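Every heavy atom of this structure was used, including side-chain atoms; hydrogens, water molecules and symmetry mates were not. These numbers come from a predicted model, not from an experiment.
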Amino acid sequence: MRKVADCRDYPSEMNCTLTIAGEEQEVVRAAAEHAASVHGHADTPELRDEIRQGLKDEVPQHA
């Protein structure tokens with residue numbers, strides 16, 4: 001099942017609305033890179049664990 005990381009689920013001064021969907025490993029990597037490059041977080045194993053814990057299952061649009 002595909003996973004989703006949604007910036008709207010995390011507090012941010014930027015009010016970022018980015019949503020990333022895909023296989024878990026892809027989403028964690030992309031979300032960590034986004035958090036580092038856009039939000040100024042350090043891309044650490046702890047950040048990736050936090051992202052992984054916050055992932056949701058993607059709801060198919062064709063359901």
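Atom CG of Leu18 sits about 8.0 Å away from atom CG of Asp6, to the nearest 0.5 Å. For the atom pair Glu23 CD and Arg29 CZ, the distance stands at 11.5 Å (nearest 0.5 Å). Distance CD/Glu24 to CZ/Arg52: 5.5 Å, rounded to 0.5 Å. Here NE2 of His41 is found 14.5 Å from CD of Glu33. Values are rounded to the nearest 0.5 Å. From Asp9, atom CG reaches atom NZ of Lys56 across 3.5 Å, with rounding to the nearest 0.5 Å.
Qualifying side chain to side chain donor-acceptor pair (under 3.5 Å) partners for Asp57, counting only residues two or more places apart in sequence or in other chains: Lys3.
The pair Asp43-Arg48 meets the salt-bridge criterion, since a charged nitrogen lies less than 4.0 angstrom from a carboxylate oxygen.
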CA sep, side-chain torsions, deciding dist, call: His39, Cys7, side chain to side chain contact (heavy atoms under 4.5 Å, CB included): CA-CA 10 Å; His39 297 286; Cys7 263; 3.7 Å; yes
Evaluation steps, side chain to side chain contact (heavy atoms under 4.5 Å, CB included), between Leu55 and Val4: CA-CA 6 Å; Leu55 294 180; Val4 175; over 6 Å; no
Test side chain to side chain contact (heavy atoms under 4.5 Å, CB included) applied to Arg8 and Cys16, step by step: CA-CA 6 Å; Arg8 296 173 295 180; Cys16 186; over 6 Å; no
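Taking every heavy atom of both residues into account, Ala35 and Leu47 meet most closely at CB-CD2, 4.0 Å. Between Val27 and Gly22, the closest heavy-atom pair is CG2-N, 3.2 Å.
Under the ring-ring contact (aromatic ring centres under 6.0 Å, His included) criterion, no residue pair touches residues 8-32, with sequence neighbours excluded.
Between the side chain of Gln53 and the main chain of Glu50, no donor-acceptor pair closer than 3.5 Å is present.
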